[in-house]
Each structure stands twice: as structure tokens, then as C-alpha cells.
Amino acid sequence: MTIAALIVAAGRGVRAGGGQPKQWRTLKGLRVADWTLDAFAKSKVDHIVLVLSPEDHDVRESFASIPGLIFATGASDRAGSVLNGLTVLQEYEVDKVLIHDVARPCVSHGLIQQVIDTLDSNPAAAPALAVSDALWIGAKDEVTGTQDRSGLFAAQTPQGFQFDAILAAHLAHPGGAADDVEVARAAGLDVAIVPGEPDNIKITTAGDFARAEKILGTEMDIRLGNGYDVHRFGDGDFVTLCGIEVPHNKGLQGHSDADVGMHAVTDAIYGALARGDIGRHFPPSDPQWKGAASKIFLNHAANLAKEMGFSISNVDCTLVCEHPKIEPHAEHMRTEMAGILNISIERVSIKATTSERLGFTGRSEGIAAVATAALVKT
Ligand SMILES: Nc1ccn([C@@H]2O[C@H](COP(=O)(O)OP(=O)(O)OP(=O)(O)O)[C@@H](O)[C@H]2O)c(=O)n1
Ligand SMILES: C[C@](O)(CO)[C@H](O)COP(=O)(O)O
């Protein structure tokens, strides 16, 4: 199943004003077009085609960061721009295509996916909001009539279609359609309505920029991850837990320093980032990590979070053992972990429990640790 997104961006944005087409104006530091493309680049689409006006060809190179982005040349109206994009996509063996206005930068991943999923059992699917306000007919600043709102919907994009069907529909259409649903219906295709989203606004007039900034500004991207680790006891006279050497009548065995708490927190961060686990980044088969200080691993996970644009909001780790007692060392552990993670100690929790003498921890055969990490996109 090959899915493509077709983003029409060849309009001139006359109603929005501002001296340049609205898709090249900035919203919270990024161009409108960048927000829109980013939403699709992070979704499950295989190809993205961006339809540009011949006047805007010089902006192509500013999209170098989106690998494989395909370009098409726009036409004098929206339908013509869509047809040009579909024509370029013909050589990519596309099954489903989502056609979207570049001027809708607040589109959510959830909505994109819902349109894709609805296409599994429908030839066409598009989002819309049922009209909730009363409708009037007016002329010269005066109400001249009223319109029953029942059964009326305000159309949004992305509008999704089986590729061959919408291409044929556009080729057969005489022109002048407001959107691709109109083209599809003219060709006899049934169109399923997907619940639209109030935040999926189209920037049309000058005031819409402030609305879009507000919507994009309130979007929070929070990731949670969990980690779990176990190390068995062996000979020794201390254990390393959350970066602190705690005197004990046994040691912990492991390829590295066997810091079970730090490993669980490290894995929780990798988990929140969906970037595997410690074993993937530091394979136990690699001799260079023999006896390594686990702060190397935690530091790597924290740096990866930063590179991916996340800050660590908090971590919480529970050590499970009968002995040694953790409480007397917990503050020292929190300070050490906070230092490695470069966050405030208030965001680091280290606690402990016994397992009521049950199981391997209860028999003092080893120590287990569980951890949670919360990351926030900055
Ligand atoms: N010849 C055209 C006209 C419109 N569009 C695209 O169709 C979408 C919806 O159109 P609209 O909001 O009307 O954009 P503009 O045509 O740019 O705005 P205006 O009518 O105010 O000039 C926009 O993403 C726009 O870039 C296009 O690709 N080619
Ligand atoms: C396709 C569309 O976004 C559906 O709401 C809309 O019709 C396109 O914009 P326009 O303002 O009608 O040109």
C-alpha cells in the first residue's frame, strides 16, 4: 500500500495580504508551508508532492531537509494545481492520495491517520465539521433570509482518495470545483465524512495568522518511557546504585558497573524517544563497555533527547531489594542523577521497596529497578 500526500501551495494568498503568498510567511519561527509539510513528513505517507507556482520555483532548495520531496508546477486555479500534482505522482505507483491545502498548517497527525484509515473501506474520505452556527443569507450588510443548517458541513482537508479514481475524476471534470470532493462526487464517487477538527483552520485572511499561532503554540508533545533492569549479586563489598557506591556485603554482577537503577532510567529515556534500549546503543558483546561507568549510558540518552528536541521533565526510579537500605543514600543518588541529566534535583525521584522477601529480590539474589521518564518537546 503506497500512500502519497499532495500539498497544493501555488496560490497567491490575495485575501491574506501581507505582501507575499501566505505559505511563505512565518508562524512561530517557521514558514506556514514548513508546519504543513512537517505534519505529513511525520505521518505514515510514503511520498509528498509539493505543488508550487512557477513564480516560487526558487524556494525549492529551502526544502532540502525533507528527503525525497517531489515538486510539481501549479496552475491558475486550485483544481489545475491538484491535477498537475496527480500527474507527477503517476510514476510512483500510488494507491491512496491525501490532497491538502498548504494553508492548513495546524492539521494533526490523528486527522491525517483517520483519513488514511477510512480509505481502507471507502473510495474517498474527507474531514468536515457540522455547521453549528445559524446561517443567514445577506446582501448589502442586511439579512435577507435564513438558511436551515441541518445536514450542512464545513469542508476541510486533507481529502483522501483512491489514486486512480481521483486522477480519472479530475481528468473528466470541466473545472471550477471548490475542492476535490466536488470533483470526486461529479465522477460518481461516494465520499465518507471523517470528523474534522476545529483547530484545522485554513489561513485565509490576515487575522487567521494569530489564530494559527495560538493553536500551534498550545500543542504539547509529551513522551513517557519506562525502563526495567535486574542484576544478580556476586562477590564484593559495595554496589553501585544511581551513581553512588553503597557499602554492602555483596557486589552486583554485570558487563558494566551493573548500576541497575541508572540502567532502568536510561532505558526509560530511550523508551520515551522510541530509540531502543541500552543494549542497542552499547552492545554487551562490545568489550569497550566492560566495567564501564553507567553514567556514559545515561549521558548518551540525555544527549539524544536534547538532539531530538526534548527536555527531560522528570524521572522516577524504584529500586527493589531487601538490602542494602536505600533511604540513607537516596538524596545523594538524586543529586548524582540530576547532575548527569542536567536537570534540577526536584525532577529526580529515587525510592525503594522490598518485595516482602518474595521472589529473587526477596531471597537477596539480586536487585531490580523500574523507572519512568517524562520528556517534553521544547
Ligand atoms: N492556483 C492555485 C490556487 C490555490 N492553490 C492552493 O489551494 C489552497 C487553498 O486555496 P486558498 O486558501 O484560496 O489559497 P490562495 O489561492 O492562495 O488564496 P487567495 O484566494 O486569497 O488568493 C492553498 O493551499 C493554495 O496555495 C493552488 O495550489 N493553486
Ligand atoms: C479545499 C478547501 O480547503 C475546503 O475547505 C477550500 O475550499 C479551499 O479554499 P478556497 O478558499 O475555497 O479557495
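Just so you know, ligand 1 is whichever comes first in the structure, and atom 1 is the first atom listed for that ligand. A quick note: this is a predicted structure, and the numbers were derived from the prediction, not measured.
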**Message:** Please check whether Arg104 reaches ligand 2 - meaning an N/O of the residue sits under 3.5 Å from an N/O of the ligand, judged on distance alone.
**Reply:** yes

**Backbone or side-chain N or O of Gln156 under 3.5 Å from ligand 2 N or O** = no

**Asked** If you count the atoms of ligand 2 from 1 in the order shown, which ones are under 4.0 Å from a heavy atom of Arg15?
**Response** 10 (P), 11 (O), 13 (O)

**Item:** Proximal ligand 2 atoms for Arg78, defined as those under 4.0 Å from one of its heavy atoms
**Value:** 1 (C)

Looking at [atom], what's its closest protein heavy atom, distance included?
atom	result
atom 1 (C) of ligand 2	Asp179 CB, 3.5 Å
atom 9 (O) of ligand 2	Lys202 CE, 3.0 Å
atom 20 (O) of ligand 1	Arg15 NH2, 3.1 Å
atom 28 (O) of ligand 1	Ala10 N, 2.9 Å
atom 7 (O) of ligand 2	Ala178 O, 3.4 Å
atom 2 (C) of ligand 2	Asp101 OD2, 3.5 Å
atom 24 (O) of ligand 1	Val8 O, 2.8 Å

Side-chain heavy atoms nearer than 4.5 Å, only ILVMFWY residues, links allowed to pass through others: does that put [X] and [Y] together?
X	Y	value
Leu98	Val191	no
Leu83	Phe163	yes
Val45	Phe161	no

**Prompt:** Would you call Lys295 and Asp259 a salt bridge, using N to O less than 4.0 angstrom?
**Reply:** no

**Item:** Cationic N near anionic O, under 4.0 Å, Asp180 to Arg78
**Value:** yes

Just go through [options] and tell me whose heavy atom is the nearest to [atom].
atom	options	result
atom 8 (C) of ligand 1	Thr157, Asp179, Asp101, Val102	Asp101
atom 11 (P) of ligand 1	Gln23, Lys22, Arg12, Arg78	Lys22
atom 1 (N) of ligand 1	Gly11, Gly80, Gly13, Ala75	Ala75
atom 19 (P) of ligand 1	Asn84, Val14, Ile7	Val14

What are the atoms of ligand 1, with element, lying closer than 4.0 Å to any heavy atom of [X]?
X	value
Ser81	1 (N), 2 (C), 27 (C), 28 (O), 29 (N)
Ser76	1 (N)
Ala103	24 (O)
Asp77	1 (N), 2 (C), 29 (N)
Lys202	11 (P), 12 (O)

Testing the 3.5 Å rule here: is there a donor-acceptor pair between the side chains of [X] and [Y]?
X	Y	value
Gln159	Asp179	yes
Ser364	His323	no
Asp117	Gln113	yes
Ser62	Arg31	yes

**Asked** Are Arg232 and Phe360 in a cation-pi setup, meaning NZ or CZ lies under 6.0 angstrom from the ring centre and within 45 degrees of the ring axis?
**Response** no

**Message:** For the residue pair Arg363 and Phe233, would you count it as a cation-pi contact if the rule is NZ or CZ under 6.0 angstrom from the ring centre and within 45 degrees of the ring axis?
**Reply:** no

**Request:** Specify side chain, backbone, both or neither for Glu182, according to which of its non-hydrogen atoms lie closer than 4.0 Å to ligand 2.
**Result:** neither

**Prompt:** Would one find an N or O of Ala16, backbone or side chain, under 3.5 Å from an N or O of ligand 1?
**Reply:** no

**Asked** Can you check whether Ala103's main-chain N or O pairs, donor with acceptor, with Gln23's side chain at less than 3.5 Å?
**Response** no

**Asked** His300 vs His281 aromatic rings, parallel, tilted or perpendicular, using cut-offs 30° and 60°?
**Response** tilted

**Message:** If you scan the protein for heavy atoms around atom 12 (O) of ligand 2, do you find one that is closer than 4.0 Å?
**Reply:** no

**Complete:** Given the options Phe71, Tyr92, Phe40, His47 meets ring pair (Phe, Tyr, Trp, His ring centres under 6.0 Å) only with Tyr92

